[in-house]
Amino acid sequence: MDISRDRLLWAYERMCLIREFEDRLHADFAAGKIPGFVHLYAGEEAVATGFCAHLRDDDFLTSTHRGHGHCIAKGVDLRAMMAEIYGKATGACKGKGGSMHIADVDKGMLGANGIVGGGPPLACGAGLSAKIKGTDQVTVCFFGDGASNQGTTFEGLNLAGVWKLPVIFVCENNGYAETTSPRYSVSGQDIAARARGFGMPSIAIDGLDFFAVYEAAGEAVARARRGEGPTFIEAQTYRYYGHFEGDTIKYRDREEEAHYKSLDCIGRFRTTVIEQELLSQAELDAIAARAREAVADAVRFADASPLPGADDLLTDVYVSYPERELWPFQEVRA
Amino acid sequence: MDISRDRLLWAYERMCLIREFEDRLHADFAAGKIPGFVHLYAGEEAVATGFCAHLRDDDFLTSTHRGHGHCIAKGVDLRAMMAEIYGKATGACKGKGGSMHIADVDKGMLGANGIVGGGPPLACGAGLSAKIKGTDQVTVCFFGDGASNQGTTFEGLNLAGVWKLPVIFVCENNGYAETTSPRYSVSGQDIAARARGFGMPSIAIDGLDFFAVYEAAGEAVARARRGEGPTFIEAQTYRYYGHFEGDTIKYRDREEEAHYKSLDCIGRFRTTVIEQELLSQAELDAIAARAREAVADAVRFADASPLPGADDLLTDVYVSYPERELWPFQEVRA
Amino acid sequence: MTVMVEEAVRTLSYREAINEALRLEMRRDPSVILMGEDVTGASQSDDEAHLDAWGGVLGVTKGLVHEFGRQRVRDTPITESGFMGAGVGAAATGLRPVVELMFIGFMGVCLDQIVNQAAKMRYMFGGKAKIPLTVRTMIGAGFRAAAQHSDSIYSTFVHFPGLKVLAPATPADAKGLLAAAIRDDDPVIFCENKVLYDTKGPVPEGEYVIPLGKADVKRAGDDVTIVAISRMVLHALEAAEQLASQGVSAEVVDLRSLAPLDEETVLASIRKTGRLVVVDEDNPRCSVAGDIATLAATQALDYLNAPVKLVTAPHTPVPFSPALEDLYVPSPARIIAAAQATLG
Amino acid sequence: MTVMVEEAVRTLSYREAINEALRLEMRRDPSVILMGEDVTGASQSDDEAHLDAWGGVLGVTKGLVHEFGRQRVRDTPITESGFMGAGVGAAATGLRPVVELMFIGFMGVCLDQIVNQAAKMRYMFGGKAKIPLTVRTMIGAGFRAAAQHSDSIYSTFVHFPGLKVLAPATPADAKGLLAAAIRDDDPVIFCENKVLYDTKGPVPEGEYVIPLGKADVKRAGDDVTIVAISRMVLHALEAAEQLASQGVSAEVVDLRSLAPLDEETVLASIRKTGRLVVVDEDNPRCSVAGDIATLAATQALDYLNAPVKLVTAPHTPVPFSPALEDLYVPSPARIIAAAQATLG
Ligand SMILES: Cc1ncc(C[n+]2csc(CCOP(=O)(O)OP(=O)(O)O)c2C)c(N)n1
Ligand SMILES: Cc1ncc(C[n+]2csc(CCOP(=O)(O)OP(=O)(O)O)c2C)c(N)n1
Ligand SMILES: [Mg+2]
Ligand SMILES: [Mg+2]
């Protein structure tokens with residue numbers, strides 16, 4: 001495996017941070033501490049991490065409603081993320097976006113997205129920026145198996161192909177869109193094959209295997225950086241929790257869950273790097289412990305942070321707009 | 001060729017009617033007699049005719065902005081069509097729809113459509129009706145090479161595949177979408193191959209050859225009637241006039257036009273049926289003459305017809321609605 | 001169409017009332033079908049244990065697949081344009097589809113099929129098509145669902161000729177209006193406020209149909225008219241209750257039908273009270289709230305004793321943080337202040 | 001941002017004025033790019049003879065590709081969601097895209113990228129994104145283009161917080177406002193009335209930028225205020241001319257900026273004349289016309305001497321037949337009748 005120790009350490013740390021972050025949210029949601037729709041990424045860590053391992057801070061990423069993992073892998077600040085999910089003023093989006101809209105444009109993270117299929121067109125735009133400015137920035141577009149059916153996704157594939165954009169489309173096929181499997185929803189059953197119809201290299205990979213993801217991602221990113229256009233990768237993975245928190249998961253069997261958990265991406269990573277003597281157990285344990293502490297710290301930070309104030313309601317709608325037009329026709333405001 | 005004499009006569013008549021109808025509109029538009037956006041089907045006659053040859057009155061068809069040929073092939077009344085294009089009260093849509101919206105739901109013609117990609121979802125609905133009612137009605141969905149890139153088209157393909165709907169998707173690849181060739185706009189370049197990704201039989205055929213169309217259409221229609229699901233057919237064809245009337249066609253060369261005209265679908269049909277002694281020259285000439293007269297009659301009818309009156313402005317919006325809400329907040333009306 | 005109350009009145013939740021209307025209409029008319037994402041759940045599975053795994057994202061369609069089967073209660077891929085258009089095409093060819101657009105904020109991925117196809121077909125075709133389509137969709141902030149899942153942007157649909165738009169506030173109205181929507185021969189957008197699903201109220205048993213286009217005076221009063229929509233009706237009633245204790249008699253008009261508009265009922269109330277407050281959770285520009293003010297300005301100006309007061313959401317997206325979202329939604333306190341302002 | 005007139009004033013068509021604004025802004029700022037269907041033409045061809053074969057469906061972008069090349073002036077496949085979203089994504093990452101949505105009636109196939117992504121991103125991201133996107137789109141009936149190509153449904157965009165919406169009536173305003181739109185850091189919907197493309201008027205040479213959010217009194221008057229939008233400004237001016245000959249002094253306010261609304265200018269005129277007529281080619285429900293009436297009802301009630309009069313299109317799709325379409329668009333005669341009605 002052509003991967004440096006540093007990269008391995010980084011990858012393990014990111015995967016642990018994601019898992020820890022999501023497990024903690026799961027518990028805290030159940031405890032009633034967190035409002036709204038929360039979609040957890042636990043189980044899919046190898047995908048976001050395997051791709052982001054090849055990205056620079058100035059590369060771009062578009063995401064989905066299930067965006068925490070993408071954010072963490074791209075380096076969005078954990079405290080800011082947690083505070084955002086708690087709706088606090090210190091959040092990445094000042095509490096205005098919440099779990100489904102965490103973004104950090106400075107880090108190239110163009111936002112989680114509540115619209116299934118919202119990302120692919122946006123990714124083309126980021127790719128177009130790089131192309132027109134003549135940089136070698138790359139854009140990675142994550143979306144789900146459900147999103148693979150959305151018209152906007154196909155439009156994005158076509159546009160990226162026509163304009164030869166440096167965009168990598170990553171379909172995170174986690175077996176379900178809410179309750180619906182691609183076995184039902186994807187006519188033809190083969191998501192990667194469909195993308196081939198758009199004239200781009202397209203493969204399906206084991207998304208539970210960090211090294212498989214890392215390798216495929218490396219090739220795709222290099223290709224995009226060389227200006228050779230888009231690539232499609234279907235990463236086959238699994239989500240451990242329900243579609244969103246509160247989901248009782250009546251649409252799949254516990255045996256299936258157990259099977260996938262036996263293939264856990266973090267566990268397999270550990271086994272591989274220890275067996276191949278790339279990293280030591282002690283190193284790994286230390287990273288896991290640090291991740292636990294980092295998440296605990298983020299929760300403490302979020303807990304202690306202030307809520308946004310009434311003034312914040314009307315800010316950030318526009319760069320500039322007459323104040324009175326933010327509540328037109330009325331004087332009795334909140 | 002497994003086709004009856006009656007069918008051949010019918011097909012030749014339909015193709016002549018379409019050609020004559022469009023040629024006449026071209027002349028009359030140039031003479032300033034016709035308002036609005038008019039998209040002519042001349043050159044593509046074999047496609048609509050080859051498919052509709054297999055359809056019954058109770059089968060369905062969705063169309064495009066370039067819908068005259070589909071209407072004529074499906075049996076919409078010529079006078080009503082011409083009057084519609086002239087904006088007359090006697091038009092198929094009482095003059096309210098015009099060229100881009102001619103429809104005759106009773107004939108299964110669900111409307112020309114001004115929205116590129118508007119048809120495929122509607123076609124799925126007609127197919128769903130047949131499926132749920134348990135009839136063997138078939139729906140043919142015509143759309144262009146340009147429309148083949150629209151997200152709604154892919155969504156239609158997927159839905160028809162998932163629900164195994166009796167829908168036939170016919171991409172009329174006439175080489176251009178306005179000025180833009182699929183060589184530019186279709187990433188991967190192969191429209192029929194893309195559809196294969198949706199798990200349905202898909203082929204490209206010579207759309208200038210009536211017999212090729214007739215044969216492929218026959219198989220697809222039979223398949224749909226048997227309840228075996230959708231088929232995709234890319235019919236490669238050519239439009240003789242500009243994108244719409246008034247277009248000076250600066251985006252393609254006269255040699256290319258001459259080449260395709262040398263492959264004219266009506267001319268080739270004549271040659272074939274005469275050579276194979278299926279129909280006589282005299283029969284064909286008589287049909288052509290009748291077509292000319294039928295179109296002239298339609299023009300006379302349209303010319304002589306009354307315009308809609310002021311009352312018609314507010315009718316047909318709803319099946320039922322309070323009259324005063326059709327011009328709310330105001331008494332000074334037209 | 002008439003109001004029919006056949007049996008006794010029981011208490012149901014808004015969610016149950018909607019489910020009941022769907023069930024009764026599907027029983028009554030085999031051409032009624034239902035489709036949307038996960039309206040049953042797990043369509044890939046033949047395992048009985050998975051059937052109806054969701055019954056809709058918030059459980060509204062639960063149980064229907066057991067009675068009507070997967071032919072008539074259909075899960076769809078995530079292709080809103082595809083299945084919305086399929087609903088339109090099916091309506092044009094003889095079915096009476098009820099299509100679920102999960103959240104109204106998803107309109108943007110399928111608007112064309114609603115406003116350019118469903119809404120215009122009849123007119124474009126010179127009256128020769130009818131589109132008996134019902135689109136059920138969720139509106140409403142307060143669910144901490146952030147900007148893309150919390151809109152109440154029904155005014156977008158109201159703007160388009162060819163559509164009817166309903167927004168019931170109570171379980172009984174939800175049942176009666178949904179039945180009417182499904183039976184109606186025009187496309188109807190039926191807006192369900194997700195924050196109301198667990199609210200309860202008396203609902204007539206059996207067949208119950210409320211004519212479209214009729215507002216409902218939910219509380220009679222003399223001093224000021226409060227016109228409200230959907231959940232805001234509850235806030236208006238709360239405000240009216242408090243105003244009453246201050247000696248102000250407020251009339252609460254529940255608009256219910258946003259298109260067509262019941263001008264008579266609204267104007268009659270304005271003429272009686274001479275004062276108008278409009279409460280709307282939607283954003284204020286080009287809104288139904290503005291339409292009510294416009295109605296007053298064009299047709300009841302001489303009756304107005306005070307400037308019209310609007311109480312709406314701000315001209316901002318819906319914020320996530322509960323601290324902000326609670327300020328976003330018009331509160332009873334704001335309604336009271338607006339009513340008092342009309343009284344000088 | 002200020003109004004700057006650098007050189008002499010010449011006569012240009014509305015089409016030429018828009019083309020000039022695009023050209024000047026593209027010269028000024030290399031991050032400005034243009035994209036849309038056939039904005040040049042024949043992108044598949046390397047043959048010089050095919051270059052710029054169309055320059056846009058009605059020739060508005062003609063010539064730009066010669067100066068700026070195919071990198072910056074891009075034809076797109078027919079995938080409005082795809083390229084509109086690409087515009088949003090490009091805007092979020094440092095370009096200043098001008099995206100052409102050929103007809104406003106096509107909004108339905110790409111609305112999500114405009115109203116859920118472009119419009120909300122800044123708010124959802126807590127102010128940490130800016131989306132300097134301009135969407136050029138054609139409005140206007142009178143072209144015999146029927147129901148799907150003739151809408152003026154800008155009110156749909158006005159409804160959504162996060163967007164700015166412009167609708168110039170004259171060549172000079174078209175130039176100055178388009179320049180302002182492109183320079184603006186928020187998403188702007190720029191509505192070009194296709195029926196106006198061949199109308200001519202004086203247009204300042206060189207850099208000319210009109211601040212957003214300012215209405216323009218196109219004709220001063222004392223007796224009645226006529227607020228109008230886009231082509232309706234010309235009809236209002238024609239009506240005012242005829243009213244003058246009847247001894248009625250009408251003030252014509254060209255709204256120009258639909259969002260933000262210039263409340264001051266409108267209210268000042270209403271307060272002066274005491275009478276209000278609103279002329280809008282868009283459909284009346286949830287419309288900008290309604291907003292102007294709402295403004296009067298909420299903020300100028302005491303100044304109104306007569307009920308507000310709306311003169312809008314009916315609540316119907318746009319009919320094809322010229323005989324009907326000419327009745328559909330508000331006419332000077334209707335405006336005059338409405339103005340007279342306010343005068344009792
Ligand atoms: C346009 C749109 N349609 C529907 C939804 C509701 N929804 C949210 S997530 C989801 C399932 C998405 O499935 P997939 O793309 O596989 O992503 P996953 O949740 O599995 O990560 C659906 C239907 C939405 N948010 N946006
Ligand atoms: C959604 C939408 N986008 C753009 C247009 C403008 N337009 C009308 S026809 C056309 C080209 C269509 O090309 P194609 O599908 O190949 O059909 P053809 O005209 O060649 O028959 C375009 C871009 C439209 N009517 N609808
Ligand atoms: Mg999934
Ligand atoms: Mg074509």
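Chain naming here is simple, since letters A, B, ... match the order of the sequence lines and numbering starts at 1 in each.
C:I78 is not listed as a side-chain neighbour of A:S185, based on a closest heavy-atom distance of 4.5 Å or more. A:Q330 has its side chain within reach of C:T312: a pair of non-hydrogen atoms, C-beta onward, lies under 4.5 Å apart. Proximity of C:H149 to A:M100: side-chain heavy atoms (C-beta onward) are separated by under 4.5 Å at one or more points. Side-chain contact between A:T180 and C:P77 is absent, with no heavy atoms from C-beta onward closer than 4.5 Å. A heavy-atom distance below 4.5 Å is not found between the side chains of A:L326 and C:P314.
With a 4.5 angstrom heavy-atom cutoff, A:N113 touches chain C via backbone and side-chain atoms both. Both the backbone and the side chain of C:S43 come within contact range of chain A, each with at least one heavy atom under 4.5 Å from a heavy atom of that chain. Neither the backbone nor the side chain of C:E325 has a heavy atom closer than 4.5 Å to any heavy atom of chain A. For C:V57, the parts sitting under 4.5 Å from any heavy atom of chain A are the backbone and the side chain alike.
Taking each heavy atom of A:Q150 and C:E80 in turn, the nearest pair found is NE2-OE1, 3.0 Å. A pairwise comparison of heavy atoms in C:A53 and A:Y251 identifies CB-CB, 3.7 Å as the closest pair. The shortest non-hydrogen separation linking A:P328 to C:R285 is CG-CD, 3.8 Å.
The aromatic ring centroids of A:Y176 and C:W54 lie 6.0 Å or more from each other.
Listed by sequence position, A:P35, A:G36, A:F37 are the residues of residues 28-37 of chain A in contact with chain C, using a 4.5 angstrom heavy-atom cutoff.
Not a single side-chain hydrogen bond (donor to acceptor under 3.5 Å, both in side chains) links A:H65 to another residue, sequence neighbours left out.
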